[in-house]
Number of protein chains: 2
Amino acid sequence: MGEINIKQLACELNLSAATVSRALRDSHEISSETKARVLEMAKKLNYEPNPFASNLRGQKSKTIAVIVPEIANNFFSLAINGIEEVARERDYHVLIYQTHESSAIETSFLNRLLSGRVDGVLISLACENVDKEHFKKISNQLPVVFFDRVHDDIDGVKITTDDYESAYNAVQHLIENGCKKIGYLSALNALSTGKKRLQGYLDALKDNDFPDDGNLIMKSGANNDENYTLIKNFIAEHKPDGILSSIEELAMPCYYACKELNLNIPVDLKLISFSNLAHAQLLNPSLTTINQPAFEIGVEAAGILFKIFNKRWYEPNQTIILKSNLIKRESTRAIA
Amino acid sequence: MGEINIKQLACELNLSAATVSRALRDSHEISSETKARVLEMAKKLNYEPNPFASNLRGQKSKTIAVIVPEIANNFFSLAINGIEEVARERDYHVLIYQTHESSAIETSFLNRLLSGRVDGVLISLACENVDKEHFKKISNQLPVVFFDRVHDDIDGVKITTDDYESAYNAVQHLIENGCKKIGYLSALNALSTGKKRLQGYLDALKDNDFPDDGNLIMKSGANNDENYTLIKNFIAEHKPDGILSSIEELAMPCYYACKELNLNIPVDLKLISFSNLAHAQLLNPSLTTINQPAFEIGVEAAGILFKIFNKRWYEPNQTIILKSNLIKRESTRAIA
DNA sequence: GTGAAAGCGCTAACAC
DNA sequence: GTGTTAGCGCTTTCAC
């Protein structure tokens with residue numbers, strides 16, 4: 001696009017393109033005098049190497065892809081923030097794709113990325129059931145790092161949080177603060193992430209000798225409206241005095257449902273949720289959250305991808321677990 | 001990366017690469033029978049054209065760049081969501097960059113993008129003062145569409161919201177609900193976006209015969225901590241009974257400051273803010289917001305960029321203005 | 001309707 | 001220390 005190329009730059013300097021190329025890449029075969037001349041002229045003429053030419057030549061794209069369910073989500077936007085910062089430090093570019101939880105879209109993105117457009121992929125899985133075979137094919141051809149939304153049956157490097165322990169501790173916290181009948185708003189059921197959270201809930205109940213008839217587990221629906229109705233009916237029917245929500249998107253409707261049902265949080269119902277809401281503190285009442293280190297997850301995932309690029313990563317199946325933070329607030333306050 | 005190329009595909013079909021290429025691009029010179037064969041084999045072998053080769057050849061990248069101050073921001077993540085959806089429909093790829101409000105970083109991104117890596121750029125300006133000359137150079141070489149954070153002195157296509165009217169109406173709303181001393185938390189002062197919001201505030205005061213000594217305008221600081229202190233001192237010193245915040249990031253600290261100062265919102269102080277907080281309704285008290293159509297801005301901006309690509313856009317300097325929504329809630333309730 | 005060949009801009013192997 | 005050349009994979013003349 002109206003840009004100068006290496007040949008013109010070489011011409012201007014009475015040098016060959018090869019020499020200029022070498023000078024720009026700081027090759028040791030080039031005299032420092034020539035290097036200086038080249039650099040100066042490149043700057044003067046605003047030379048920017050054509051990335052497609054060098055990518056085509058070198059089979060490297062200096063680009064990574066990030067595939068997430070949604071960008072407009074407190075967790076994912078923070079994770080992407082972390083990824084972008086790491087990429088920037090390394091002069092890498094970041095392509096972004098959202099699946100809207102559809103594994104068909106996910107698969108189609110991954111297929112397109114096999115063309116060599118990117119050097120690697122960071123992915124947080126769509127919560128629809130996954131074509132595991134397809135992922136095998138992908139990761140044979142392209143480095144992939146999974147973060148947060150992972151699946152045990154898919155091999156690969158994974159960055160997650162301590163989902164099981166977080167859910168377990170959350171239920172423990174509800175019990176300590178007086179809950180006798182604790183419901184669970186489940187999501188991500190097809191993924192290990194969701195399964196671990198559910199298992200943490202179940203095990204905490206069992207360890208506290210709570211009955212577990214599975215009745216108090218609500219499965220999330222297809223959209224926000226449906227979820228609201230499901231939640232309202234769930235609360236009205238089962239009258240739980242505590243709820244652990246596996247995702248932020250299911251906790252917010254609880255506030256509206258409780259208002260509608262004339263229930264007071266935390267008096268009638270205590271609420272705790274996995275959430276990266278920046279201002280959980282300002283909700284009415286303030287929300288007790290399990291806060292995932294979203295930014296750090298992004299940084300870590302990107303860091304590992306770059307280690308893979310540099311052949312400094314030797315554990316193709318390692319899972320790295322970062323700790324979430326239980327932040328106790330009004331919504332789970334013990335009632336005297 | 002382990003991928004099949006057009007030559008191998010051609011070989012498999014006993015055709016030339018040229019014919020395969022034409023068949024894949026649905027050229028009219030190719031018999032439909034051959035096309036069918038090629039398509040089938042391409043699918044079977046999972047052929048994906050190498051984007052760098054075709055980009056190099058055709059000087060088209062099928063990629064756009066989005067440059068924003070921050071990804072982890074309710075407004076920008078929604079806008080990016082809109083952009084990504086439009087890009088996806090057109091099989092375009094989206095590169096993402098964040099400036100963290102630094103115009104030096106912004107400039108460096110833009111320079112790197114001149115290499116032809118992208119076909120166009122969508123940008124929301126960093127709030128630092130801008131090198132206007134530099135932008136002239138850029139837009140001569142690359143289609144650029146500005147959104148939300150724009151500058152009148154920089155030519156180009158722009159998508160904004162009705163910042164002036166929104167601020168004006170917000171102040172009017174505060175006055176109607178009883179405010180006598182209205183403060184303004186200013187930000188984005190170097191940009192037209194910020195200037196228009198400020199001007200709306202000032203004009204509304206004037207039209208209502210409020211004194212305007214400029215004392216009630218607080219300039220935002222360098223970071224969240226500083227902003228909190230500035231806001232607390234501002235409220236303590238000037239004792240406004242109404243505040244219009246030009247950005248969400250300055251409204252949230254008001255809640256904390258008021259708690260600290262033992263002031264009640266909305267009794268002692270009414271608060272309204274430009275904001276895309278999903279759950280302003282759930283804050284304590286719920287926050288009256290000026291809600292920008294962030295997603296639609298993204299969709300619109302991307303749509304225009306594609307029109308420019310297709311030479312179906314003829315107004316290199318048009319500004320398109322979408323309407324924001326004033327959503328009245330508890331934080332500005334009139335006190336009987 | 002199909003094939004052969006040139007070339008997009010860059011870089012690495014091979015000269016000298 | 002620098003130049004020459006070939007080729008990355010694709011598309012597009014130009015032939016036939």
Side-chain angles (χ1 to χ4, degrees), chain A residues 1-39 41-42 45-63 91 112-119 141, chain B residues 1-39 41-42 45-63 91 112-119 141:
Chain A
M1 242 324 107
E3 265 311 283
I4 194 178
N5 66 24
I6 201 169
K7 226 168 166 177
Q8 297 166 272
L9 181 56
C11 186
E12 208 72 39
L13 287 155
N14 274 96
L15 287 170
S16 75
T19 304
V20 171
S21 172
R22 276 182 284 227
L24 291 171
R25 331 191 84 244
D26 202 25
S27 157
H28 55 274
E29 337 179 66
I30 303 293
S31 73
S32 48
E33 189 197 2
T34 305
K35 276 184 195 167
R37 276 182 63 218
V38 170
L39 251 25
M41 184 64 81
L45 299 185
N46 237 305
Y47 170 75
E48 284 286 336
N50 181 313
F52 301 123
S54 44
N55 294 345
L56 179 57
R57 186 63 239 258
Q59 315 291 8
K60 284 253 145 285
S61 67
K62 281 233 159 204
T63 306
D91 277 317
R112 283 169 71 198
L113 291 174
L114 283 180
S115 61
R117 184 178 283 275
V118 297
D119 297 342
Q141 311 194 247
Chain B
M1 234 342 94
E3 266 311 281
I4 194 178
N5 65 24
I6 202 170
K7 224 167 165 179
Q8 297 167 273
L9 182 55
C11 185
E12 208 73 38
L13 287 155
N14 274 97
L15 287 171
S16 74
T19 304
V20 172
S21 172
R22 277 183 281 231
L24 291 170
R25 328 192 87 244
D26 202 23
S27 157
H28 55 274
E29 337 178 68
I30 303 293
S31 72
S32 48
E33 189 196 2
T34 305
K35 277 184 194 168
R37 277 182 63 219
V38 170
L39 252 24
M41 184 62 82
L45 298 185
N46 239 304
Y47 170 73
E48 285 287 335
N50 181 312
F52 301 123
S54 43
N55 294 345
L56 179 57
R57 187 63 238 260
Q59 315 291 9
K60 284 252 144 289
S61 67
K62 282 234 159 204
T63 306
D91 277 317
R112 282 169 70 197
L113 291 174
L114 284 180
S115 61
R117 183 177 284 272
V118 297
D119 297 342
Q141 311 194 248

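The figures that follow rest on heavy atoms only: side chains count, while hydrogens, waters and symmetry mates do not. Treat the numbers as computed from the prediction; the structure is a model and nothing was measured. Letters go in sequence order (proteins before strands), and every chain restarts at 1.
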Practice task
Check whether any side-chain N or O of A/S54 sits under 4.0 Å from OP1 or OP2 of C/dC10, and answer yes or no.
Solution key: no
Handout entry: Length of the line joining B/E48:CD and D/dG9:P, which is rounded to integer Å
Key = 15 Å
Exercise for the section: Taking B/R37 for its side chain and B/L13 for its backbone only, find out whether a donor-acceptor pair lies under 3.5 Å. Expected result: yes
Exercise for the section: Provide, to the nearest angstrom, the distance between the CG atom belonging to A/D26 and the C1' atom belonging to C/dA12. Expected result: 17 Å
Problem - From C/dT2, C/dC10, D/dC8, nucleotide with atom closest to A/Q59 side chain - result: D/dC8
Exercise for the section: Check the pair B/N5, B/N50 against side chain to side chain contact (heavy atoms under 4.5 Å, CB included), reporting the backbone distance first and the verdict last. Expected result: CA-CA 7 Å; B/N5 65 24; B/N50 181 312; over 6 Å; no
Fill in the blank from the handout: Among C/dC10, D/dC10, C/dG1, the one nearest any side-chain atom of B/A53 is D/dC10
Practice task
Give a yes or no on whether the backbone of B/R117 and the side-chain of B/R112 come within a donor-acceptor separation of less than 3.5 Å.
Solution key: no
Problem - Overall bend - the helix from C/dG1-D/dC16 to C/dC16-D/dG1, comparing terminal axes fitted on five pairs, nearest 10 degrees - result: 40°
Practice task
Please confirm whether the backbone N or O of A/E48 pairs with a side-chain atom of B/S115, one donor and one acceptor, at under 3.5 Å?
Solution key: no
Problem - Separation of atom CZ in A/F52 from atom P in C/dG9, rounded to whole Å - result: 12 Å
Practice task
Nearest whole angstrom, please: distance from the C1' of C/dC10 to the CG of A/L24.
Solution key: 11 Å
Exercise for the section: Let me know the distance between CG of A/L56 and P of D/dG7, rounded to the nearest Å. Expected result: 14 Å
Exercise for the section: Would you indicate, yes or no, if C/dT11 has its OP1 or OP2 atom less than 4.0 angstrom from a side-chain nitrogen or oxygen of A/R25? Expected result: yes
Completion exercise
Taken to the nearest whole Å, NE2/B/H28 to C1'/C/dG1 is 11 Å
Problem - Side-chain N or O of B/T19 closer than 4.0 Å to phosphate OP1/OP2 of C/dG1 - result: no
Practice task
Would you tell me if any nitrogen or oxygen in the side chain of B/T34 comes within less than 4.0 Å of OP1 or OP2 on C/dT2?
Solution key: yes
Problem - Any side-chain donor near an acceptor of the partner, A/D119 and A/S61, under 3.5 Å - result: yes
Exercise for the section: Would you mind classifying the nucleic acid contact of A/R22 as base, sugar-phosphate or nothing, using non-hydrogen atoms under 4.0 angstrom? Expected result: base
Fill in the blank from the handout: Whole-Å distance, A/Y47 OH to C/dT11 P, equals 6 Å
Practice task
May I have the distance from A/E29 (atom CD) to C/dA13 (atom P), rounded to whole angstrom?
Solution key: 10 Å
Handout entry: OP1 or OP2 of C/dG9 under 4.0 Å from side-chain N/O of A/N5
Key = yes
Problem - Distance below 4.0 Å between B/S16 side-chain N/O and C/dA4 OP1 or OP2 - result: no
Exercise for the section: For B/E33, look at atom CD and say whether over 12 heavy atoms of other residues, nucleotides or ligands are found less than 6.0 Å away. Expected result: no
Fill in the blank from the handout: Which of D/dG3, C/dT2, D/dG9 is nearest the side chain of A/L15? It is D/dG3
Exercise for the section: Please confirm whether the backbone N or O of A/S27 pairs with a side-chain atom of A/K35, one donor and one acceptor, at under 3.5 Å? Expected result: yes
Problem - Euclidean distance, A/L15 CG relative to A/L9 CG, rounded to 0.5 Å - result: 8.5 Å
